[in-house]
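Before any comments, here is the structure.
We name chains A, B, ... by the order of the sequence lines, and we start the count at 1 in each one. The structure displayed is predicted, hence computed values, not measured ones.
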Number of protein chains: 2
Amino acid sequence: MAAGKTENGAGVSLDRMIQPMLLLLILKKPTHGYELIQSFNALHEGEIVEPGTIYRNLRRMEKEGFVLSSWEAAESGPARRKYAITGEGIKALQEAMLKLKQQKRQIEDFLTEYDILATRGSINEN
Amino acid sequence: MAAGKTENGAGVSLDRMIQPMLLLLILKKPTHGYELIQSFNALHEGEIVEPGTIYRNLRRMEKEGFVLSSWEAAESGPARRKYAITGEGIKALQEAMLKLKQQKRQIEDFLTEYDILATRGSINEN
DNA sequence: CCCCCATATATGGATATTGCCTATATAGAA
DNA sequence: TTCTATATAGGCAATATCCATATATGGGGG
């Protein structure tokens with residue numbers, strides 16, 4: 001797949017969903033990368049996302065103007081970079097939602113095609 | 001940019017669905033690459049898939065044991081490599097379907113989350 | 001005081017995948 | 001002969017993720 005691992009051979013995991021998912025979380029509550037990682041992994045049990053992937057996507061989205069960051073002191077531990085979504089980011093999120101709806105439809109159509117064949121028994125002769 | 005296009009920033013087009021889609025088409029009717037390209041593009045109007053991508057995935061799937069090919073003379077024009085699915089290929093297809101179902105659910109959950117926010121009006125203040 | 005751990009951010013290298021371009025080859029039509 | 005349709009395939013550039021690693025702050029235990 002686009003990179004690394006992808007040995008799966010089928011499907012997308014959450015791959016390209018990461019950016020819109022991050023945007024939605026930030027829209028709900030502006031916060032920093034470390035907390036986003038935790039929210040992410042709490043929300044999708046079993047599916048762990050690499051911290052590097054989160055931080056890289058946050059930096060990238062700031063370059064693209066979808067989010068803005070500002071340093072913030074923590075009560076304890078190192079400073080955090082707090083992210084907030086921009087108007088551009090909201091637009092990007094809306095467009096992403098439309099694409100995801102299309103993808104959902106594509107997957108549904110494909111699943112339907114498969115189920116028709118499976119019902120006819122073309123598949124279960126092992 | 002070149003590969004993966006992905007300038008979209010959100011979404012996967014048909015990306016990782018290519019292999020299972022090819023397997024399903026071959027399962028329905030063993031055939032050669034050129035016809036698969038046409039079936040593919042006829043089925044998904046507007047979404048054109050690169051011939052190179054199809055041929056590459058077919059060669060790769062043969063290496064992995066999901067399909068078997070044999071040369072066949074055409075009535076006119078160059079010889080064709082006809083593909084048939086194997087038992088391994090059917091298993092791989094079944095696993096891919098399970099993953100796609102999971103992905104569909106993930107997308108649905110995400111869309112629902114978004115819609116809740118949109119309904120509350122957190123998004124349409126432009 | 002020093003070491004370890006949790007918190008917090010970030011980058012480099014390896015690997016994988018795809019789009020675009022190009023190369024090869026056969027055979028019928030103009 | 002040249003053009004087009006059929007048919008397969010590889011090189012290159014771009015991109016994305018994973019894995020490992022680097023850096024840094026501050027609290028607790030010894």
Which atoms of nucleotides 5-8 of chain D (N or O only) lie under 3.5 Å from a protein N or O atom, and what are those distances?
unit_1, atom_1, unit_2, atom_2, d
D:dT6, OP2, B:Tyr34, OH, 3.0
D:dA7, OP1, B:Arg80, NE, 2.5
D:dA7, OP1, B:Arg80, NH2, 2.6
D:dT8, OP1, B:Arg81, N, 2.8
D:dT8, OP1, B:Arg81, O, 3.4
D:dT8, OP2, B:Gly33, N, 3.2
D:dT8, OP2, B:Tyr34, N, 2.5
D:dT8, OP2, B:Tyr55, OH, 3.0

Point to revise | Integer-rounded Å distance: C:dA6 C1' and A:Glu75 CD | key: 14 Å
Exercise for review: Apply side chain to side chain donor-acceptor pair (under 3.5 Å) to B:Lys29 and list each qualifying residue two or more places apart in sequence or on a separate chain.
Suggested key: B:Glu35
Check your understanding: Does a nitrogen or oxygen in the side chain of A:Thr53 sit under 4.0 Å from OP1 or OP2 of D:dT17?
Key -> no
Point to revise | Taking every non-hydrogen atom, the tightest pair across B:Arg81 and B:Ser69 | key: NH1-OG, 3.0 Å
Exercise for review: Verify the contact: side-chain N or O of B:Arg56 to OP1 or OP2 of C:dG19, cut-off strictly under 4.0 Å; return yes or no.
Suggested key: no
Exercise for review: Can you tell me the distance, in whole Å, between the CG atom of A:Leu36 and the P atom of C:dT7?
Suggested key: 15 Å
Study note, to complete from the structure: In terms of heavy-atom contacts, B:Ile26 and B:Tyr83 come closest through CG2-O, 3.5 Å
**Study point:** Interatomic distance, B:Arg60 CZ vs D:dG10 P [rounded to whole Å]
**Key:** 15 Å
Pairs under 3.5 Å (N/O, protein and nucleotides 2-4 of chain D):
none

Revision key, fill the gap. Of all heavy-atom pairs linking A:Glu88 and A:Gly65, the shortest is CB-O, 3.3 Å
Check your understanding: Angle class for the B:His32/B:Tyr34 ring planes (parallel below 30°, perpendicular above 60°, tilted otherwise)?
Key -> parallel
Point to revise | Separation of atom CE in A:Met61 from atom P in C:dA10, rounded to whole Å | key: 13 Å
Practice item. Nearest 0.5 Å please: distance from the CD1 atom of B:Ile18 over to the CG atom of B:Leu23. Key: 12.0 Å
Practice item. Measure from CG on B:Leu22 to C1' on C:dT17 and round the result to the nearest Å. Key: 14 Å
Practice item. Apply salt bridge (charged side-chain N to carboxylate O under 4.0 Å, His left out) to B:Arg105 and B:Glu108, showing your working. Key: CA-CA 5 Å; B:Arg105 249 174 264 137; B:Glu108 280 170 348; over 6 Å; no
Study note, to complete from the structure: Interatomic distance, CE@A:Met17 vs CG@A:Leu24, rounded to 0.5 Å, equals 11.5 Å
Point to revise | Interatomic distance where CD belongs to B:Gln19 and C1' belongs to C:dA16 [whole Å] | key: 12 Å
Practice item. Find the distance between OG1 (A:Thr86) and CG (A:Leu93) and round it off to the nearest 0.5 Å. Key: 10.5 Å
**Study point:** Protein-nucleotide distance (A:Leu58, atom CG; C:dT11, atom P), rounded to Å
**Key:** 12 Å
Check your understanding: Between atom NZ in A:Lys63 and atom P in C:dA10, what is the gap in whole Å?
Key -> 11 Å
